[in-house]
Amino acid sequence: MPSARIITLMTSSSQVLIPLLNPNEPEALLTSLQIIEGQLVSKGDLLCTLETTKSTSDLHAEEDGYVIGLRAQTGDTLRAGDVLCYLAPDRAWKPPAIVVPREPGGEESPVPDGVRISRPALELARELGIDLNTLPIGPMITREMVEKLAASPTRQMFTAPASAFDPAAIIVYGGGGHGKSVIDLLRALRTYRIVGVLDDGIERGESVMGVPVLGGGEALAELVGQGVRQVVNAVGGIGNVAVRMKVFERIAAAGLVCPAVVHPTAFVEPSAMLASGVQVFPHAYVGSDARVGYGGIVNTGAIVSHDCILEDFANISPGAMLAGGVTVGAGALVGMGVTVNLGVRIGAQARIGNGATVKADVPERGIVRAGSTWPD
């Protein structure tokens with residue numbers, strides 16, 4: 001058996017300095033960094049690789065210790081004599097504050113405690129007049145991060161603009177039968193607070209299952225001002241999927257989003273992927289590596305087996321069963337109790353009648369009669 005490595009820690013810390021690789025080039029590019037903050041290294045371990053226009057050099061640990069105060073990351077340009085890090089006897093050791101002059105011959109000012117910043121980033125921050133106290137604590141701050149901070153339009157803002165946002169608030173757009181199912185789904189989740197229902201055909205002031213109707217689509221802008229940012233599209237679009245798609249467009253234009261919602265009794269495999277706006281109703285199943293596109297519906301008790309692909313706005317009705325590898329095109333409707341065989345493709349905007357059995361591909365906009373077997 002190989003013998004265990006014995007590490008003998010020193011009793012005091014030591015600096016790891018960037019060497020001068022080329023007398024004519026005081027700077028070197030850090031092309032590879034093999035250590036992280038707090039890592040225990042042994043004498044001889046590779047710490048990093050440095051490169052100039054004429055040479056490449058590996059920097060190794062000269063003794064055992066914990067990496068503390070790491071000040072650079074891959075891609076940084078460092079000067080000879082810069083401190084890369086310290087090797088310390090324990091993880092709790094604290095490095096001294098970084099001190100650099102503001103200007104040649106000027107007053108020295110330390111970097112705030114907890115701020116980890118590379119030498120190039122620090123020099124740029126000083127040059128741009130960035131207050132070091134505004135830098136984040138913890139992550140290594142690079143020159144690139146400082147450049148982004150300097151270019152940010154929010155840098156000059158002292159007060160954030162007032163913007164209400166209620167992460168629990170949600171609107172149900174559609175007060176028909178599908179809207180009622182959505183209301184019950186959201187109530188079962190106990191995650192959202194249903195602010196109201198929008199419906200272009202129901203008078204404002206009425207209610208649906210105890211939820212007030214706030215008007216039609218014109219009320220979306222008003223709701224945004226009240227902090228609402230989430231909507232569930234409860235317009236089923238059974239007779240005309242274009243109506244449902246139009247509602248999604250209207251929601252997006254108002255600046256709201258449609259989260260995917262899954263009833264707690266449904267089961268979605270961890271490897272499945274649901275796009276925004278997807279709705280999965282009670283006792284439905286979405287299998288391994290299945291994909292459900294934007295605005296898709298997997299209704300009550302429906303089964304979408306492994307490797308199925310439901311393209312945008314596809315609608316799988318209650319009790320439908322899709323075998324593995326089935327593809328349902330955009331805007332297609334699969335009726336109640338339909339059975340679709342392994343690997344079949346149903347074309348975009350096709351309509352499969354209730355109780356049908358589909359054994360072969362259905363063309364785009366194709367129609368399969370209720371109770372029939374396709375192909376006949």
Side-chain angles (χ1 to χ4, degrees), residues 134 136 152-238 240-266 268 273-282 292-300 312-313 315 331:
T134 65
S152 171
T154 60
R155 183 186 163 209
Q156 303 301 325
M157 297 173 59
F158 297 95
T159 304
S163 177
F165 171 59
D166 183 349
I170 199 163
I171 290 292
V172 176
Y173 198 129
H178 190 68
K180 293 177 179 180
S181 298
V182 166
I183 290 172
D184 272 337
L185 187 160
L186 293 174
R187 285 172 171 169
L189 283 176
R190 299 183 179 181
T191 301
Y192 298 101
R193 178 176 62 84
I194 305 175
V195 174
V197 169
L198 298 184
D199 194 296
D200 298 308
I202 302 178
E203 290 292 328
R204 182 170 186 153
E206 296 188 23
S207 66
V208 178
M209 296 179 65
V211 180
V213 176
L214 305 178
E218 76 285 346
L220 287 169
E222 176 186 345
L223 291 165
V224 169
Q226 297 173 10
V228 180
R229 297 291 187 277
Q230 301 175 100
V231 183
V232 177
N233 183 355
V235 175
I238 296 296
N240 182 3
V241 70
V243 176
R244 177 172 170 79
M245 294 169 65
K246 189 67 177 179
V247 171
F248 275 118
E249 291 175 9
R250 198 169 191 179
I251 290 169
L256 293 99
V257 298
C258 297
V261 291
V262 179
H263 193 278
T265 63
V268 178
M273 292 186 63
L274 308 181
S276 299
V278 167
Q279 300 163 17
V280 183
F281 285 89
V292 184
Y294 184 84
I297 297 174
V298 182
N299 222 314
T300 304
D312 295 349
F313 313 113
N315 190 333

*Determine, stepwise, if the pair Leu189 / Val261 fulfils side chain to side chain contact (heavy atoms under 4.5 Å, CB included).*
CA-CA 9 Å; Leu189 283 176; Val261 291; 4.3 Å; yes
*Report the C-alpha distance between Val213 and Glu203 in whole Å, list the side-chain angles of each, state the deciding distance to 0.1 Å, and finish with yes or no for side chain to side chain contact (heavy atoms under 4.5 Å, CB included).*
CA-CA 7 Å; Val213 176; Glu203 290 292 328; over 6 Å; no
*Apply side chain to side chain contact (heavy atoms under 4.5 Å, CB included) to the pair Val247 and Ile251, showing each step before the final yes or no.*
CA-CA 6 Å; Val247 171; Ile251 290 169; 3.8 Å; yes
_Candidate pair Val211 and Val172, rule side chain to side chain contact (heavy atoms under 4.5 Å, CB included), full reasoning_ = CA-CA 9 Å; Val211 180; Val172 176; over 6 Å; no
Just distance, no hydrogens or angles: give the donor-acceptor pairs under 3.5 Å from side chains in residues 275-282, sequence neighbours left out.
from	atom 1	to	atom 2	distance (Å)
Gln279	OE1	His178	NE2	2.8
Gln279	NE2	Asn233	O	2.7

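Nearest heavy atom pair, residue Gly174 against residue Ala234, reads O-CB, 3.7 Å. For the residue pair Gly175 and Asp199, the shortest heavy atom distance occurs at N-OD2, 2.7 Å. Of all heavy-atom pairs between Leu220 and Ala254, the closest is CB-CB, 3.8 Å.
Looking at heavy atoms from C-beta onward, Ile170 lies in side-chain contact with Pro259 at the 4.5 angstrom threshold. In this structure, Met273 and Val292 have side chains that are not in contact, with every pair of non-hydrogen atoms separated by 4.5 Å or more. Contact of the Ile202 side chain with the Val197 side chain is not registered, since no non-hydrogen atoms from C-beta on lie closer than 4.5 Å. You'll find the side chain of Val262 reaches within 4.5 Å of the side chain of Leu274, heavy atoms only. For the pair Val241/Asn315, no side-chain contact is recorded, criterion being any heavy-atom separation below 4.5 Å from C-beta on. At a threshold of 4.5 Å between non-hydrogen side-chain atoms, the residues Val231 and Leu223 do not count as touching.
Other residues, nucleotides and ligands contribute more than 12 heavy atoms inside 6.0 Å of the CE atom of Met209.
Contacts classified as salt bridge (charged side-chain N to carboxylate O under 4.0 Å, His left out) and involving residues 205-227 (residues at least two apart or in different chains) are given here: Arg204-Glu222. Screening residues 254-263 for side-chain hydrogen bond (donor to acceptor under 3.5 Å, both in side chains) gives His263-Thr265 as the qualifying pairs, with residues at least two apart or on separate chains. Screening residues 243-256 for salt bridge (charged side-chain N to carboxylate O under 4.0 Å, His left out) gives Asp200-Arg250, Lys246-Glu249 as the qualifying pairs, with residues at least two apart or on separate chains. Under the side-chain hydrogen bond (donor to acceptor under 3.5 Å, both in side chains) criterion, the residue pairs touching residues 188-197 are Asp166-Arg193, with sequence neighbours excluded.
The ring pair (Phe, Tyr, Trp, His ring centres under 6.0 Å) test applied to Tyr173 returns no partner, not counting sequence neighbours.
Here Tyr294 contributes atom OH and Phe248 contributes atom CZ; the two are 5.0 Å apart, rounded to the nearest 0.5 Å. Expressed to the nearest 0.5 Å, how far CG of Leu214 lies from OG of Ser207 amounts to 11.0 Å.
Under the side-chain contact (heavy atoms from CB on, under 4.5 Å) rule, Val182 has a single partner from Val232, Ile194, Val235, which is Val232.
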